Structure formats: structure tokens, C-alpha cells
Amino acid sequence: MSAEIIAILDFGSQYGQLIARRVREQNVYSRICRADVTAEALSRLGVRGLILSGGPASVRDGDAPRCDEKIFELGVPILGICYGMQLGCQILGAKIVAAQRREYGRINLSILEKSDLFANMPDSTTAWASHGDQVADLGSDFAKLATTDTCPFAAVRHKDKKFFGVQFHPEVSHTPKGSLILKNFLYDICGCSGDWKMSDFVSETTEAVRRQVGNAKVICGLSGGVDSSVVASLVHKAIGDNLVCIFVDNGLLRKNERENVVSTFRNHFHMDLRVIDWSRHFLAGLAGITAPQQKRKIIGSEFIKAFKSEASKIPNVKFLAQGTLYPDVIESGSTDGNPSANIKLHHNVGGLPAELGFELIEPLRDLFKDEVRVVGEYLGLPEDILWRHPFPGPGLAVRIIGEVTPERLEILRTADEILIDEIKSAGLYRKVSQALAVLLPVSTVGVMGDERSYENVVAIRAVETFDFMTADFSRIPHEVLGMISNRIINEVRGVNRVVYDISSKPPATIEWE
């Protein structure tokens, strides 16, 4: 384990893991901790510094989450962000009130003291804020570092304690100088050297898996996507032949998916790969179902049944490895007692029943997609796997709005293949973060071959994103969109209209369901 550890105390912010990721980008190891972690535990961990995250609560509420106040006696630098700033200031004697004018979105930050936290910063910069409370009275123990038009104490430091607070979010991309602020905190204030590398994560994680598993066997659900491929490679590096990969053909796959997975992992990587065709069970369970959350629950349930069926044939299996990433965790709702919104269920998070029967191994649970690709590169995975666009665990079922049937699956499967083929032909595949086709539950009037048609609509979605927490639609050239539309309408029987989705995330999600 790295000697330089920055602990992030999570007060329920959906940016909590993003803070950890920004720290890692500075080559400093970060770890997420519960908000109420004890000062003693942090001392044993040997932290070099602490960051208190934002959160949805108000420090003025009696039931608001608190930290162990003894952390301010540890002698290590502490950076409070938004709620974390308010909590730290309150504990150290400042007064917090409801702001007369709340700040949400982009703000202009005027910097008063350009040293320590704001070293090498301009006199003013933009930042991203999201708060309804603010510091009203600092007292004599604090110094004011920055201000905005409506927030007189936008950044502060304690004169005696090593506490700094910012009333904005330096971790988000909408704060252009945020990385510099965090770098100043990590290097100049905490004294970190920045020698942590992703290879350290790989070695630490493989050793942790090896200790957890012992001589037992692990099964891994292998889909052929980036996440499951990296998990399989990471666990295989740790325990070798004690890993058994299971590929479940759920009938909801992309075209030629099953053949490609078998060729890559059984023939090329020489892994123990078992293929089980469970498509009849999945499609039977989905018959007549239109609600997206119900689809996910059914698919999750069948997913586990398929695994249990195959695992029962393998002796000494105690663990299930899967490619849960942090966006999956936070979109499914926090699992550590901190408040966060439940946006959607993921079959490999919220859909797992309590009676699973296996212990879970989720080595990528603290990583974002781009970090997973870095791990994959270190493990030697080929580029065509590492840069493959994400594909949801529930497969095409959540890209068919309405009932899932074999006929509708075939329509979408063919349209999807055409979309990806044209994106690649245009040289856009690496530029576009994710492209997908969606089959809508409506039919529209068209004219085909001088005859009236009344057929399906396919929506095309393509986004560009850095971390899949926020995303913008891709500006695909009109001529490429025209070729995609022309091919789908001409080659996919049952489609007479193609539309393009130009919504961003948020407010929309990347997948439609």
C-alpha cells in the first residue's frame, strides 16, 4: 500500500468518488471512507491529508451527518468542499446560515490570497457551485481566501489548524482551475510526492484477491465488454486456473457476440470459459413486460439462476467476480448508509438477491471507465476490447422500449450492427464514447416502393464523455447520420424512420431505460 494516502470522507455527495479520482490523477492514492470514520482509524491508516466531500444535507439540521471532531487534532491538512467546508467551519467556530441567494451552476470567483491553496492562480476564475447554505461569520480564527458576488466567504483557511474550505466544487470539469487547486493541496500543503501509479492498484488488488480467495474457485460473468474483460484478466492474474469464466447467452446480445467472446477468451487467452445458453428463460421471463426496472429485476434474477446452474457443476466455488464500476454503484443508490439518489437498478448491483450464495469480488468498484482502460492496458488486453463501447448488462432489453420479443430483438440487433459499422467507417469510433440504437414503441407512416408503410422508429444515440457521469451528444456529421439512416431503413425490414437523440446527461441518462 502506498505510504501517501488521502482519505475522502463521504457525506453523501455524488461527486465523492470523482474527488478520489481527481486525486489519483495527481498520482496520489485516495480512499473513500465513511463520513463518521474515527480519527483513530485514520491515524492507523497513515493518511497524509483529508478531504471532506459535499453532500445534500444542511449542517444546520440536527440529523445532518457529522465527522469525528478529533480529525482536526490529527495534525494533517484537511480540505472541506461545499458541505465539507461548512461542517469544518462550524466545528471550528464559524457560523453557518441559509444564504439569501443560493448559488447553483457557474460562478465567478475572485481570489484574495494567491498562496498555498490558490498558488499560481489568476486574480479571478470561474467555478461550479451548488449550495443553499454558506458561512456568515468567520470570527477571528479564519482568513478569507476568495469571494463571489453573493458568497463573501467562498474559500477560507484556519489560522492555526491546517483546515482549508472552498464553497465550490474543484473536482468537476466545470471548474477549469480545479485540478490546480487540488494539486496545490496535495503537493504544497500535504507534501505528497505523487509516486502512486495504476500499476500499484493492480498489484495491490491482485494481492487482495489472492488473500480473499485462498484455494477456492471464482466464477466470473464474462460478456466480452471492457469491464468484465478487465475483471477476468485481473482475477486470472491473481489466481490463475482457479478462475472459471461463464458466458451467459441471454438472447439479448449484439450480433455475433457469443462467437467473438469464445474466440477471444477461450482460444486466445486460454481461460476456462463455460458457455451456457439461457436465452429461452430470459425471453420467457420478459414476455409482456414493459417497465424498465421490472425488466432489470427479471434479467438480474435469471442472470443469477444461470450462474447457479453452471456453478453447481464446478467444485469448490465460493466467489463471484463482476465488473461493477463506481457509476453503477452511485446510480443504483449508495450502499454504505450515506444518502444518494436511486436513478436505476444495475443487474450487477441492485439486482443481486440476498440469497446469492457466493461472496462477491468487485475489484473495479472504485474505478471509472477510463481508469478501467488504464488497468486493461497494464494487463495487456488488446485495443479492440479496451476501446469497445459500453454495453448494458441487461443487453438489448433496455434498448427496446416496451415489450421484448424475438422479432423486435432482430430488428434492433441489425440496426445496431449498421450503426457501429458506419461509426467505425467514418473514423469516429474512438471519438464517440458510446453509440447505440434504440427501438421505440411507436410506428409511423412512411412511403416505401410507392406504397404506404406503417413501421417502426429507431432512435440513434451517440455521446461523448470523460467519466460517464456527465455526457453531451456527439456532433456526428450530417452525411454520416444520413448514411446510417439510409442503411437502416433500406436494410432492416420493419423500420421506416430514424431519429437522432440530442439530449445531454444530465438531465437524460445515456441509456434510454
Side-chain angles (χ1 to χ4, degrees), residues 5-13 15-16 19-20 23 30-99 102-103 113 116-118 129-147 151-171 181-182 185-186 189-190 336-339:
I5 300 174
I6 298 295
I8 292 93
L9 276 59
D10 184 7
F11 291 93
S13 171
Y15 294 139
I19 299 170
V23 172
S30 58
R31 177 178 288 186
I32 298 288
C33 298
R34 288 182 58 96
D36 57 1
V37 63
T38 66
E40 182 183 358
L42 292 170
S43 179
R44 288 197 305 269
L45 193 60
V47 295
R48 185 64 66 91
L50 303 175
I51 298 178
L52 312 184
S53 83
S58 168
V59 297
R60 297 179 294 109
D61 295 339
D63 59 351
R66 309 283 294 183
C67 63
D68 182 353
E69 295 187 9
K70 292 180 181 178
I71 66 173
F72 294 94
E73 306 301 325
L74 290 175
V76 301
I78 300 174
L79 173 64
I81 296 175
C82 199
Y83 180 91
M85 170 187 172
Q86 295 161 12
L87 179 60
C89 287
Q90 185 186 64
I91 290 172
L92 295 174
K95 183 180 179 181
I96 311 299
V97 300
R102 297 179 295 176
E103 289 184 325
E113 183 180 311
D116 294 331
L117 198 62
F118 294 113
S130 178
H131 65 97
D133 290 348
Q134 64 185 33
V135 178
D137 183 5
L138 281 177
S140 60
D141 292 330
F142 285 88
K144 181 165 65 171
L145 305 181
T147 185
C151 183
F153 307 111
V156 302
R157 65 171 172 82
H158 196 273
K159 293 178 180 178
D160 298 319
K161 308 285 187 183
K162 297 179 181 180
F163 175 75
F164 297 79
V166 293
Q167 193 57 78
F168 56 89
H169 291 277
E171 71 274 21
I181 295 170
L182 290 174
F185 176 72
L186 297 171
I189 297 173
C190 295
D336 61 2
N338 288 331

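Predicted model only: the values in this text are computed from it and were never measured. If you read the sequence from its start, that first residue is 1, and numbering goes on from there.
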* Please round to the nearest 0.5 Å and tell me the distance separating atom CD of Glu171 and atom CD1 of Ile181. => 10.5 Å

* Keeping the roles fixed (side chain from Lys162, backbone from Ile78), state whether a donor-acceptor pair exists under 3.5 Å. => no

* At what distance, to the nearest 0.5 angstrom, does CD1 of Ile5 lie from SG of Cys33? -> 9.0 Å

* Could you check if a side-chain atom of Cys67 sits within less than 4.5 angstrom of a side-chain atom of Ile91, using non-hydrogen atoms only? => yes

* To do: Can you see which heavy atom on Val166 is nearest to which on Ala155, and at what distance?
  => CG1-CB, 4.1 Å

* Asked: Is any side-chain heavy atom of Asp10 less than 4.5 Å from a side-chain heavy atom of Ile19?
  -> no

* Looking at residues at least two apart in the chain, or sitting in another chain, which of them share a salt bridge (Lys or Arg N to Asp or Glu O under 4.0 Å) with Lys161? -> Glu73

* Structure fact -> Taking every heavy atom of Pro152 against every heavy atom of Gln134, the minimum-distance pair comes out as CD-NE2, 3.6 Å

* Where Leu117 and Phe185 come nearest, the two heavy atoms and their spacing -> CD1-CB, 3.9 Å

* Kindly determine whether Val76 and Cys190 satisfy side-chain contact (heavy atoms from CB on, under 4.5 Å), including the steps that lead there. => CA-CA 7 Å; Val76 301; Cys190 295; over 6 Å; no

* When you measure from the side chain of Ser30 to the backbone N and O of Ile6, does any donor-acceptor pair fall under 3.5 Å? -> no

* Indicate yes or no for a side-chain donor-acceptor contact from Tyr83 to the backbone of Pro65 under 3.5 Å, with no hydrogens or angles considered. => yes

* To do: Looking only at non-hydrogen atoms, find the nearest pair between Ser130 and Cys82 and report the distance.
  => O-SG, 3.4 Å

* To do: Evaluate the side-chain proximity of Val37 to Ile71: yes if any heavy-atom separation is below 4.5 Å, no if none is.
  => no

* Side-chain donor/acceptor of Thr38 to backbone N/O of Leu42, under 3.5 Å -> no

* **Arg157: which of Phe164, Phe118, Phe163 passes side chain to side chain contact (heavy atoms under 4.5 Å, CB included)** => Phe164

* Asked: Are Ile51 and Val23 side-chain neighbours, meaning at least one heavy-atom pair lies under 4.5 Å?
  -> yes

* For His158 and Asp160, indicate whether the former's side chain and the latter's backbone hold a donor-acceptor pair under 3.5 Å. => yes

Result block: side-chain N/O donor-acceptor pairs under 3.5 angstrom for residues 136-145, not counting sequence neighbours:
{"from": "Asp137", "atom 1": "OD1", "to": "Gly139", "atom 2": "N", "distance (Å)": "3.1"}

* Would you call Asp36 and Arg34 a salt bridge, taking side-chain N to carboxylate O under 4.0 Å as the test? -> yes

* Where is the tightest heavy-atom contact between Met85 and Gln167, given as atom of each residue plus distance? -> SD-N, 3.3 Å

* Structure fact -> Nearest heavy-atom approach of Leu9 to Leu50 is CD1-CD2, 4.3 Å

* Asked: If we only count heavy atoms from C-beta on, is the Tyr15 to Ile81 side-chain gap below 4.5 Å?
  -> no

